[in-house]
Participant: 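Here it is, the structure, as structure tokens.
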Amino acid sequence: MNNAINKKTWNTLRNSLFKRKGIMIFLFISCKTGSKTNKKRELPMLFELAKRPIFFKSRLMALVSIMVWSTLTAFTVPENVKEREEKLFSLLAGYKLKTVVIDPGHGGKDPGALGTGRYKDTEADVVLSIGLKLREYIQQNYPDVKVVMTRTTDVFIPLRERTEIANKANADLFISLHCNSASAAAYGAETYVLGMHKTEAQMNVAKRENQVIYLEDDYKEHYSNFDPTSPESMIALSLMQNAFLDKSIAFADMIQYQFRERVKRHDRGVRQAGFWVISRTVMPAVLIELGFVSNSAEEDYLNSDLGRTYIASGIYRAFKEYKISLEGYDSSQKNRPSTTDKSSSENTDREEQNDEVLEEMPTNENLIFKVQLMASGTKRALKPENFKGLKDVEEMEDDGLYKYTVGNTTNFEKAIKLQREVRETAYKDAYIIALYNGKKISLPEALKILKNNN
Ligand SMILES: [Zn+2]
């Protein structure tokens, strides 16, 4: 393994030597004298960084920064190699999910949908219980991620306060939890992103969830221009969310995938409607209708501890997939080196595993990675001019959406590389999807298959 790294480092050095002789010679000497494995592994990543104008305004700045870094680290061994690598990787990916807001709808004087009347828990109680479980799962697995709840008890929080909480927290993701209510026959789960509704039924869901506005004392003052039934009003309403729509749809899609494939709920798809609470958040935002409390069987499920656990786990797995797709690697707790156990054999073991992930990702011929550019409710002709000049775009129809992808590789690292290229040149929210035997699976599942391959 060490030889492979040496060779790789040397190749990177040699290739770059022609362009920036001075700095490369300096780095090479510094690397050799410092002579720590960690540093050798980080060097190729630093070269990557140095090439990016976004991090360094000029070559000179890059040179000075790397010289300072080399000098500072020449005689130190970083305590946690993985952590440093993660930081570098997240810089390369250009994005890190640090804060998530979970918003259990309703509460206090607003019980939400009442259900069939067989349970004392109403929508407000169901979504709070599931929201708290979701918080627990994220905190357990991602202690670095800050989880903000809009409420943790049965209290009334006005809609505008919920969005304020999310915006003030500078959140990277907003998840609003609700339960549906309609005729006794309707059942299933659906995830909404902001947009113009396509059917009256979808508009009615938004209407019902927005109704809470009228429970607020001074609603006229705060929501005077809000009319989700008019297209003009919806366009104005969507302005703030538009920038995040691709990411919101991607996350909504991952949630519905989990509900359908793992939680075994009836999948009603990703939908759009004018929900006030996801219109004012300046981050990707979804509103999940977890199921119908007006349907007896589904109400039973939503009121059972097992049902709540499954649903919260499903959303957690979608969260995990979304995070990996943005950051390009898995930073969850169980993928980290242990900080308490310092036994040397353990550490070597983990470092070796880490090398494998970075250097020699295994492949599986039945497992294909593609980079999804966008999803759309309307079909587009597969011409480069429709996709910011990208060639060989493919179309997949899935869950009522047309999804457009590039790339076709069994190599996850190649997919990450392609994802970076696409993000830099065309679609900044592009992300990797995985197909196993032609069927879409989540990224964590795909990575598990690759790991078990060995
Ligand atoms: Zn609701």
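As the structure lists them, so they are numbered: ligands from 1, and atoms in each ligand from 1.
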Participant: So which atom in L159 and which in E216 form the shortest heavy-atom distance, rounded to 0.1 Å?
Facilitator: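 Shortest heavy-atom separation between L159 and E216 comes out as N-OE2, 2.9 Å.
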
Participant: Please work out which of the three classes, parallel, tilted or perpendicular, describes the rings of Y142 and F319, given edges at 30° and 60°.
Facilitator: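 The arrangement is perpendicular - the two ring planes meet at more than 60°.
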
Participant: Identify which one of Y257, Y431, Y316, F251 satisfies the ring pair (Phe, Tyr, Trp, His ring centres under 6.0 Å) criterion when paired with Y322.
Facilitator: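 The option that passes is F251.
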
Participant: Given a threshold of 2.8 Å, state how many protein N/O/S atoms are nearer than that to the Zn ion (ligand 1).
Facilitator: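 Every protein N, O or S atom under 2.8 Å from the Zn ion (ligand 1) counted, the figure is 5.
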
Participant: Using the ring centroid of each side chain, check whether F412 and F369 are separated by less than 6.0 Å.
Facilitator: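 Yes, close enough.
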
Participant: Just one of K320, R262, R317, K439 clears the salt bridge (charged side-chain N to carboxylate O under 4.0 Å, His left out) bar with E445, so which one?
Facilitator: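 Of the listed options, the one satisfying the test is R262.
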
Participant: Give the C-alpha distance, both sets of side-chain angles, the deciding distance and a yes or no for side chain to side chain contact (heavy atoms under 4.5 Å, CB included) between R271 and T199.
Facilitator: CA-CA 10 Å; R271 300 176 166 196; T199 67; 5.6 Å; no

